[in-house]
Protein chains: 2
Amino acid sequence: MPERERWGFELPLLLFAGFRSLIDQLHTELADRGHPELRPAHGFAMQAIGRDELTASELGRRLGVSKQAAGKTVDRLAALGYAERVADPADARRKLVRLTPHGQDALMLSGTVFERLRGNWADQLGPERLSELEDALETVVGPAAFRLDAAGWFGD
Amino acid sequence: MPERERWGFELPLLLFAGFRSLIDQLHTELADRGHPELRPAHGFAMQAIGRDELTASELGRRLGVSKQAAGKTVDRLAALGYAERVADPADARRKLVRLTPHGQDALMLSGTVFERLRGNWADQLGPERLSELEDALETVVGPAAFRLDAAGWFGD
DNA sequence: TTCTTTTCGACAACCACGTTGACCACTTTA
DNA sequence: TAAAGTGGTCAACGTGGTTGTCGAAAAGAA
């Protein structure tokens with residue numbers, strides 16, 4: 001049921017409002033469940049680390065930022081107890097970054113919260129309209145959909 | 001045509017990818033048309049100013065940031081030639097911010113570019129699917145859709 | 001094996017964008 | 001007219017980026 005004529009400038013605002021709505025709800029939930037200091041930017045970095053052990057340089061590549069910026073991000077995650085650095089026995093230059101159990105907990109919790117939030121949208125829209133929305137977005141953005149280099153994107 | 005089962009975490013990434021795709025294309029176009037220094041964050045501030053003459057404090061309220069932050073944003077826009085401050089003859093405390101002709105040009109150009117980008121999406125999806133996408137998003141985000149307090153939202 | 005190139009991590013300086021707190025000037029209101 | 005509120009600015013700081021430089025360690029080539 002198309003409701004009225006839309007201006008072009010509304011489309012980006014609607015997309016951003018949807019994105020922000022989900023992320024804000026996620027962090028409200030995370031704060032209630034033992035992760036009050038976690039910020040949206042941290043989530044992208046932790047997602048990029050996942051269960052891997054990788055160098056700050058490699059993390060920078062995944063996030064689309066310099067190795068120095070990635071190193072600072074790791075510093076902040078480490079200060080909050082979400083990540084830690086361990087020496088690489090096979091290469092004395094490298095220090096491998098990995099999530100702590102606290103960080104893995106936050107990541108798993110985020111996954112379950114996102115499932116529930118998607119369920120809320122499905123309740124409001126019906127499963128078909130939600131699937132159509134997702135399919136339409138994937139059609140227009142193509143394979144660029146699942147990039148993680150989002151943090152700090154506004155300023156560039 | 002629902003293509004496959006979706007994970008909850010894909011939804012925010014799809015929304016953000018769509019948003020970023022539009023904004024990136026906008027700024028590519030703006031750069032080609034005489035506005036190469038304009039950044040995404042500037043757009044929200046200029047949209048909040050529009051054709052008004054307002055104080056930095058009022059701008060801060062519209063953008064959801066402190067008056068000091070709004071003042072710095074105006075400094076940057078002014079340094080780039082997009083905004084200027086004029087004294088308010090009716091109130092010696094106030095300095096009114098307004099867009100320069102260069103700033104108004106950028107704002108009008110953005111509007112026409114967004115119309116064309118929406119047209120591209122309509123070509124790819126068909127007008128009905130695009131309208132359904134917009135309506136679905138408005139349904140789930142409600143009146144929060146058209147807030148302008150987006151810049152700097154990642155860090156907080 | 002030695003020399004050269006590459007890579008990693010760190011440091012420094014800087015910029016964009018936000019925050020609080022403090023302060024002064026001016027306007028409004030009680 | 002005194003008190004309260006508002007507007008602009010300065011300072012200090014935090015976060016998340018950038019580039020440039022550097023030394024140590026690894027990898028590749030002669």
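Since we're looking at a predicted model, the values are computed, not measured. Lettering of chains follows the sequences in order, A, B, ..., and the numbering in each one begins at 1.
- To the nearest angstrom, C1' of D:dA24 lies 12 Å from NZ of A:Lys67.
- Residue contacts shown for B:Thr55 are limited to sugar-phosphate atoms, with no base heavy atom under 4.0 Å away.
- For B:Ala41, counting side-chain heavy atoms from C-beta on, the closest listed nucleotide (C:dC17, C:dG18, D:dT9) is C:dC17.
- Note: NE2 (A:His42) to C1' (D:dT15) measures 8 Å, nearest angstrom.
- In this structure, CZ of B:Phe44 is placed 16 Å from C1' of C:dG18, rounded to the nearest angstrom.
- Side-chain nitrogen and oxygen atoms of B:Arg61 include at least one within less than 4.0 Å of the OP1 or OP2 phosphate oxygen of D:dG7.
- The nearest whole Å value for the distance from the CD atom in A:Gln68 to the P atom in D:dC22 is 14 Å.
- We find the CG-CZ distance between A:Leu14 and B:Phe19 to be 11.5 Å, quoted to the nearest 0.5 Å.
- Between A:Trp7 and A:Phe9, the ring-plane angle classifies as parallel under the 30° and 60° cut-offs.
- Separating the CG atom of B:Leu54 from the C1' atom of D:dG7 is a distance of 13 Å, rounded to the nearest angstrom.
- Between the side chain of A:Asp91 and the backbone N or O of A:Arg93 there is at least one donor-acceptor pair closer than 3.5 Å.
- Each of B:Gly71 and A:Gly64 has a nearest nucleotide on DNA chain D; the 5'-most of these lies closest to B:Gly71.
- Distances from the side chain of A:Thr73 to the nucleotides D:dG17, D:dG8, D:dT9 place D:dG17 closest.
- In this model, the phosphate group of C:dG18 is not approached by any side-chain N or O of B:Ser66 to a distance below 4.0 Å at OP1 or OP2.
- Looking at A:Thr100 and A:Gln104, their side chains never bring a donor and an acceptor atom within 3.5 Å of each other.
- Note: CG (A:Asp75) to C1' (D:dT15) measures 12 Å, nearest angstrom.
- Contact annotation: A:Arg94 side-chain N/O to C:dT7 OP1/OP2 distance is not under 4.0 Å.
- OP1 or OP2 of C:dT7 has not a single side-chain nitrogen or oxygen of A:Ser57 nearer than 4.0 Å.
- The pair B:Asp52-B:Arg62 meets the salt-bridge criterion, since a charged nitrogen lies less than 4.0 angstrom from a carboxylate oxygen.
- Among C:dC26, D:dA26, C:dG9, the nucleotide with an atom closest to any side-chain atom of B:Asp91 is C:dC26.
- Ring centroids of B:His102 and B:His35 are separated by less than 6.0 Å, placing the two rings close together.
- Not a single donor-acceptor contact under 3.5 angstrom links the side-chain atoms of B:Arg93 to the base of C:dT27.
- Taking atom OH on A:Tyr82 and atom C1' on D:dT15, their separation rounds to 17 Å, with Å as the unit.
- Counting any heavy atom pair closer than 4.0 Å across all strands shown, B:Ala92 reaches sugar-phosphate atoms only and no base atom.
- Within the 4.0 Å cut-off from OP1 or OP2 of D:dT9, not a single side-chain nitrogen or oxygen of B:Lys72 is found.
- In this structure, CD of B:Glu58 is placed 13 Å from P of D:dT6, rounded to the nearest angstrom.
- At the phosphate of C:dC15, neither OP1 nor OP2 sits under 4.0 Å from any side-chain N or O atom of B:Arg39.
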